[in-house]
Amino acid sequence: MEQKKFDYNSFIGMILLGGILLWWMNSNKEEILSEETTTEIVAPNSKETDDSFATAKPVFESDSLKAAALQNKLGAFAYSAIQGTPGVRVIENDLLKLTIDNKGGQIIEALIKNYKTYDSLPLYMIKDNNASFNINFGTTDNRILNTKDLFFIPTLSKSNGNDVLSMKLKVSDTQFLEYRYEMKPNEYMVDFSIRSQGLSSVINGSNAIQLDWSLKGFRHEKSLRTENTMYSWYYYKTEGEVDYMRPGNTEVVNSLDWVAYKQHFFMSNLLTDTPFKNATVTSTDLVEDEKIDTVFTKNYELKAPLTLTGGEFNYNMKWFYGPSDYNLLTTYEETDLDETADLGWGIFGFLNRTVFYPVFNLLKGFLGNYGLIIILMTIVVRILMSPLVYKSYVSSAKMKVIRPELTAVNEKFPGKENAMKRQQETMAIQRKAGVSMLSGCIPALLQMPIFFALFKFFPTNLDLRQKGFLWAPDLSSYDTIFTLPFDIPFYGNHVSLFPILASVAIFFYMKMNQSQQANMQAPAQEGMPDMQKMMKYMIYFSPIMMLFFFNNYASSLSLYYFISNLLTIVIMLVIKNYVIDEDKIHAQIEENKKRPEKKKSKFRERIDIAMKQAQEQQAQQKRKK
């Protein structure tokens with residue numbers, strides 16, 4: 001049998017064939033790796049990727065793997081994550097525009113139309129993630145979830161002319177948590193409800209369920225200091241009473257009906273038909289340096305526990321994003337929202353609500369110039385107060401007539417040891433002449449509530465916001481005629497003209513009033529302070545204090561005090577020169593002296609007895625010495 005020889009040609013052919021096979025396999029592997037690399041780059045840029053669940057996202061080769069991962073992460077709520085998509089929905093009317101995000105179902109923009117910021121920009125209450133609305137809850141499969149991280153499925157519709165936006169966080173087609181927004185035409189108030197269906201077996205009612213709403217208030221007004229420190233407050237209504245909280249505080253309140261995040265002329269409110277129990281409210285001042293912290297004023301927070309009804313959510317609420325206008329807020333009956341208008345407490349608020357707002361509303365129905373309205377309103381107030389000015393002047397004239405007799409009493413009973421006797425004789429002269437020291441003080445005291453009421457009325461009146469008069473472009477803020485290159489403590493870095501005019505007017509008013517006050521004061525007694533010298537200092541101190549205080553305040557208030565003091569000066573001159581007859585008053589006093597003295601009241605008798613006892617004790621102490 002012939003033996004086969006080794007075939008070199010076949011061996012070389014096999015090596016070449018193997019090399020070609022290896023080259024083909026390696027080349028195909030590079031293409032597969034290239035395709036996989038491309039998939040990893042594209043996947044993170046996909047619009048359907050949920051960036052809230054992980055920082056490094058797995059790459060899913062199929063929808064089934066993605067669904068499994070979401071199921072593992074979210075449990076039953078994976079359904080909404082799969083069905084939901086990023087996006088926003090808008091509901092608006094002629095007054096308000098709300099933008100609601102599919103993610104979280106919450107308002108991400110709230111634009112108040114028809115108003116601008118101090119620098120002429122659109123006025124947003126919510127924008128650029130300055131607010132957050134979230135419900136934190138547990139599930140029956142031991143997961144803790146936040147609605148702000150989950151996708152809601154939106155449905156926009158119409159109902160009786162109202163825009164209705166339903167945002168559903170679905171577990172299935174028939175099981176969901178729903179946020180329902182309903183906006184009416186020409187309304188700042190938006191109906192809002194939180195309801196659920198078929199979630200009693202999904203949500204763990206034994207775990208705490210908490211609603212969190214926070215907002216960082218944007219600066220809207222020219223004067224950051226005034227807006228932030230004087231008119232931005234956290235208001236809330238608890239147990240039927242409206243209260244407010246100063247910044248830097250946290251309080252736990254029960255039976256909470258609503259909260260209001262107030263920012264001078266505008267506010268954000270959440271109202272609930274079912275009061276929150278043991279809610280936590282917090283206010284934080286965000287302005288540490290007015291030159292640096294110029295965007296936000298305060299941070300407002302609400303943390304309120306929610307309770308389930310039959311294992312389901314069932315809350316009817318309302319959102320309010322709009323102006324804190326007293327005239328508007330009074331239309332929301334049985335809410336007490338009008339108390340956030342900050343008209344002052346007690347008699348000051350009463351005067352603003354029952355007198356000054358009705359008068360102002362009446363005048364603005366005839367005039368469109370708000371500077372003229374303020375002037376006319378000032379004239380009305382001063383005319384109404386003129387009887388008090390007249391009463392004060394009459395008392396001053398009477399005191400002037402009997403002043404020589406009072407001086408004679410001081411000379412007759414000199415020294416500290418005769419102080420009681422001197423006081424008794426002084427009061428006897430006043431009583432016989434029919435003159436009372438209180439008759440001059442009471443008119444001045446009666447004018448004080450009006451002063452403080454208007455101190456609240458003008459700076460909080462929305463109608464004056466961004467309304468100009470003469471050189472002042474905004475009567476709700478300070479006017480500026482010159483900007484200083486430096487800051488003066490308690491004054492600022494600008495010069496306002498209206499406060500200067502008001503200070504000059506009050507100087508001349510006090511100068512004219514000095515003689516009247518001198519007549520009202522009895523002659524200085526030994527050992528007692530000289531009130532006339534104090535009044536001389538006050539003539540110069542009061543205008544300077546007013547100038548510093550009002551330089552950063554509303555120009556409408558300075559305008560009012562300027563016109564008011566001018567009118568008071570005119571009224572004083574008229575009364576002094578054309579109304580009061582000192583000779584007639586002197587004759588009346590002399591006639592009063594001739595009349596038999598009236599029977600003393602019990603109060604007068606007690607005072608006389610007390611003064612007599614004090615005089616006897618003083619005499620005994622003198623004899624012991």
Side-chain angles (χ1 to χ4, degrees), residues 221-223 226-227 229-233 235 242 244 260 262-267 323-331 336-385 388 445-469 472 474-479 496 498-499 501-502 505-506 546 549-568:
E221 308 307 324
K222 181 179 178 180
S223 176
T226 301
E227 178 182 7
T229 61
M230 301 189 71
Y231 299 111
S232 293
W233 302 102
Y235 284 90
V242 177
Y244 72 95
K262 188 171 185 294
Q263 302 163 238
H264 201 166
F265 290 111
F266 303 93
M267 64 179 180
S324 57
D325 178 19
Y326 174 75
N327 292 323
L328 169 67
L329 297 177
T330 53
T331 63
D336 294 327
L337 286 177
D338 58 296
E339 294 193 28
T340 64
D342 196 15
L343 300 182
W345 56 271
I347 189 173
F348 312 127
F350 174 79
L351 287 172
N352 281 325
R353 286 189 295 270
T354 59
V355 179
F356 297 126
Y357 256 106
V359 172
F360 185 87
N361 291 335
L362 177 66
L363 292 175
K364 78 176 183 180
F366 297 98
L367 293 173
N369 188 308
Y370 285 90
L372 294 179
I373 291 174
I374 293 172
I375 293 174
L376 285 177
M377 189 171 174
T378 308
I379 293 172
V380 170
V381 171
R382 294 320 305 172
I383 290 175
L384 292 175
M385 299 300 295
L388 296 178
L445 291 175
L446 290 177
Q447 296 183 64
M448 293 303 292
I450 294 176
F451 175 89
F452 287 111
L454 292 172
F455 184 81
K456 282 288 189 179
F457 176 82
F458 287 113
T460 60
N461 193 323
L462 180 71
D463 288 319
L464 301 178
R465 184 178 185 269
Q466 297 183 353
K467 299 299 192 302
F469 181 67
D474 185 354
L475 286 169
S476 71
S477 186
Y478 58 83
D479 62 290
S496 299
F498 274 127
L501 294 176
I506 198 173
M546 186 174 184
F549 183 79
F550 283 94
N551 193 62
N552 290 288
Y553 228 69
S555 55
S556 56
L557 190 65
S558 300
L559 172 62
Y560 167 79
Y561 288 130
F562 170 57
I563 301 299
S564 179
N565 285 318
L566 285 182
L567 290 174
T568 304

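The first residue of the sequence shown is numbered 1, and numbering continues consecutively from there.
Here the OG atom belonging to Ser558 is positioned 7.0 Å from the CG atom belonging to Asp479, to the nearest 0.5 angstrom. Rounding to the nearest 0.5 Å gives a distance of 9.5 Å between CE of Met267 and OH of Tyr235. Rounding to the nearest 0.5 angstrom, the gap separating the OG1 atom in Thr331 from the CG atom in Asp338 is 9.5 Å. With rounding to the nearest 0.5 angstrom, the CG atom of Asn361 is 7.0 Å from the CG atom of Asp463. Rounding to the nearest 0.5 Å places NE2 of His264 at 7.5 Å from OG1 of Thr226. Taking CD1 of Ile506 as the reference point, atom CG of Leu566 lies at 11.5 Å (rounded to 0.5 Å).
Proximity of a side-chain donor or acceptor of Ser324 to a complementary backbone N or O of Ala341 within less than 3.5 Å is not detected. A donor-acceptor pair under 3.5 Å is absent between the side-chain atoms of Ser477 and the main chain of Ala554, judged by distance alone. Put simply, the side chain of Lys222 gets close to the backbone of Tyr478: a donor and an acceptor are under 3.5 Å apart.
Counting non-hydrogen atoms of neighbouring residues, nucleotides and ligands closer than 6.0 angstrom, the CZ atom of Phe451 exceeds 12 such neighbours.
Of all the heavy atoms in Thr340 and Ala260, the pair that sits closest is CG2-CB, 4.3 Å. Between Asp342 and Tyr231, the closest heavy-atom pair is OD2-CD2, 3.6 Å. Smallest separation of non-hydrogen atoms from Phe562 and Leu501: CD1-O, 3.3 Å. Of all the heavy atoms in Asn565 and Ala505, the pair that sits closest is CB-CB, 3.7 Å. Ser555 and Asp474 get closest at one heavy-atom pair: OG-O, 3.2 Å. Between Phe469 and Asn369, the closest heavy-atom pair is CD1-OD1, 3.3 Å.
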**Message:** Set out, in order, the CA-CA distance, both residues' side-chain angles and the distance that settles side-chain contact (heavy atoms from CB on, under 4.5 Å) for Leu557 and Phe498, then state yes or no.
**Reply:** CA-CA 9 Å; Leu557 190 65; Phe498 274 127; over 6 Å; no
**Request:** Starting from the C-alpha separation in whole Å, work towards a yes-or-no answer on side-chain contact (heavy atoms from CB on, under 4.5 Å) for Tyr357 and Asn461.
**Result:** CA-CA 9 Å; Tyr357 256 106; Asn461 193 323; 4.0 Å; yes
**Request:** In sequence, state the C-alpha distance, the side-chain angles, and the governing distance for Glu221 and Phe266, and then conclude on side-chain contact (heavy atoms from CB on, under 4.5 Å).
**Result:** CA-CA 10 Å; Glu221 308 307 324; Phe266 303 93; 3.9 Å; yes
**Prompt:** Yes or no on side-chain contact (heavy atoms from CB on, under 4.5 Å) for Met546 and Tyr561, after CA distance, side-chain angles and deciding distance?
**Reply:** CA-CA 10 Å; Met546 186 174 184; Tyr561 288 130; 3.6 Å; yes
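Inter-residue side-chain proximity for Leu351 and Pro449 is flagged as met; some heavy-atom pair is nearer than 4.5 Å. Contact of the Tyr553 side chain with the Pro499 side chain is not registered, since no non-hydrogen atoms from C-beta on lie closer than 4.5 Å. Within the 4.5 Å cutoff, the side chain of Ile450 has heavy atoms near those of the Phe356 side chain.
Using bins of under 30°, 30° to 60° and over 60° for the plane-to-plane angle, the ring pair Phe360/Phe457 lands in the perpendicular bin. Taking the six-membered ring where tryptophan is involved, the planes of Phe550 and Phe455 are perpendicular, since the angle between them exceeds 60° and thus also 30°.
Listed by chain and residue number, Phe348, Met448 satisfy the side chain to side chain contact (heavy atoms under 4.5 Å, CB included) test with Phe452 (two or more places apart in sequence, or in another chain).
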Side-chain donor-acceptor pairs under 3.5 Å in residues 373-384, sequence neighbours left out?
residue, atom, partner, partner atom, Å
Thr378, OG1, Ile374, O, 2.6
Arg382, NE, Thr568, OG1, 3.3
Arg382, NH2, Gln447, OE1, 3.3
Arg382, NH2, Thr568, OG1, 3.3

